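Read the structure below first, then the notes.
Remember, predicted model here, so these are calculated numbers, not experimental data.
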Amino acid sequence: MRARDLAVDFPTVTLDTPMMDAARLLADQDLPGLIVVDDRGLPRTVLPGTQVLRLAVPRYCQDDPALARVVDEAHADVFVRSLAGRTVRECLPEDPRELPVTDPDATVLEIASLMARTRSPLVAVVGDGRLRGAVTLQALLDRVLAS
């Protein structure tokens, strides 16, 4: 089993996509993350859904879970609104990380290793100079467990 066999079409966003649109795409399509592409349509980074969540949750709540407990549900949605007016570019981590991208010939173990190493729930598959799709953690597990 190779990446080309597991890859599926996957929605992408650009650096200039409004962050609220990106968050809606994640939620509406129940995606594990987003592939951020450059002007040529090639992966620039993968933005896991957990990273989007980190952007919306105030740092003090992440650092001290007891503080998160004092915010009632009626006010919790205010944090998501903090993404409004920001683009994907503005929300990317400052430190570049290894890009979870592989070629169509990668094996299941190579894909799993890349996911584990980059802590990414999806891997972009690039071949012949273009994005061919993505392999999600769920698809990888489904395939491995079905064997």
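Thr107 and Glu110 are linked by a side-chain donor-acceptor pair at a separation below 3.5 angstrom, with hydrogens and angles left out of the test.
Rounding to the nearest 0.5 Å places CZ of Arg44 at 10.0 Å from CG of Leu99. Considering OG1 of Thr14 and CD1 of Ile35, their distance stands at 13.5 Å, rounded to 0.5 Å. Between the CG atom of Asp103 and the CG atom of Asp128 there is a distance of 10.5 Å, given to the nearest 0.5 Å. The line from OG of Ser120 to CZ of Arg97 is 7.5 Å long, rounded to the nearest 0.5 Å.
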Begin from the C-alpha positions of Leu114 and Glu98 and carry the test side chain to side chain contact (heavy atoms under 4.5 Å, CB included) through to its verdict.
CA-CA 9 Å; Leu114 181 58; Glu98 180 181 2; 3.6 Å; yes

Going through the distances and angles, do Arg24 and Asp21 end up as a salt bridge (Lys or Arg N to Asp or Glu O under 4.0 Å)?
CA-CA 5 Å; Arg24 277 191 199 95; Asp21 292 351; 3.4 Å; yes

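For residues 25-38, the set of pairs meeting the side chain to side chain donor-acceptor pair (under 3.5 Å) definition, not counting sequence neighbours, comprises Asp38-Arg40.
Follow the hydrophobic side-chain contacts under 4.5 Å out from Val8 and you never reach Val125; the two are in separate clusters.
A 4.5 Å side-chain heavy-atom check between Phe10 and Thr136 finds at least one atom pair inside the cut-off. Taking 4.5 Å as the limit, some side-chain heavy atom of Pro43 sits within range of a side-chain heavy atom of Val126. A heavy-atom distance below 4.5 Å is not found between the side chains of Val36 and Arg89. Residues Leu140 and Met115 meet the side-chain proximity criterion, which asks for heavy atoms closer than 4.5 Å. Annotation: side chain of Met1 is in contact with side chain of Leu6 (closest heavy-atom distance under 4.5 Å). By the 4.5 Å heavy-atom criterion applied to side chains, Pro100 and Leu122 are not counted as neighbours. The side-chain heavy atoms of Val46 and Arg119, taken from C-beta on, include no pair separated by under 4.5 Å. At a threshold of 4.5 Å between non-hydrogen side-chain atoms, the residues Leu34 and Thr12 do not count as touching.
In this structure, the side chain of Arg132 engages the main chain of Gly127 through a donor-acceptor pair within 3.5 Å. Looking only at distances, no side-chain donor or acceptor of Thr17 sits under 3.5 Å from a matching main-chain atom of Val13.
Under a cut-off of 6.0 angstrom, the local environment of CG in Asp5 is crowded, with over 12 non-hydrogen atoms contributed by other residues, nucleotides or ligands.
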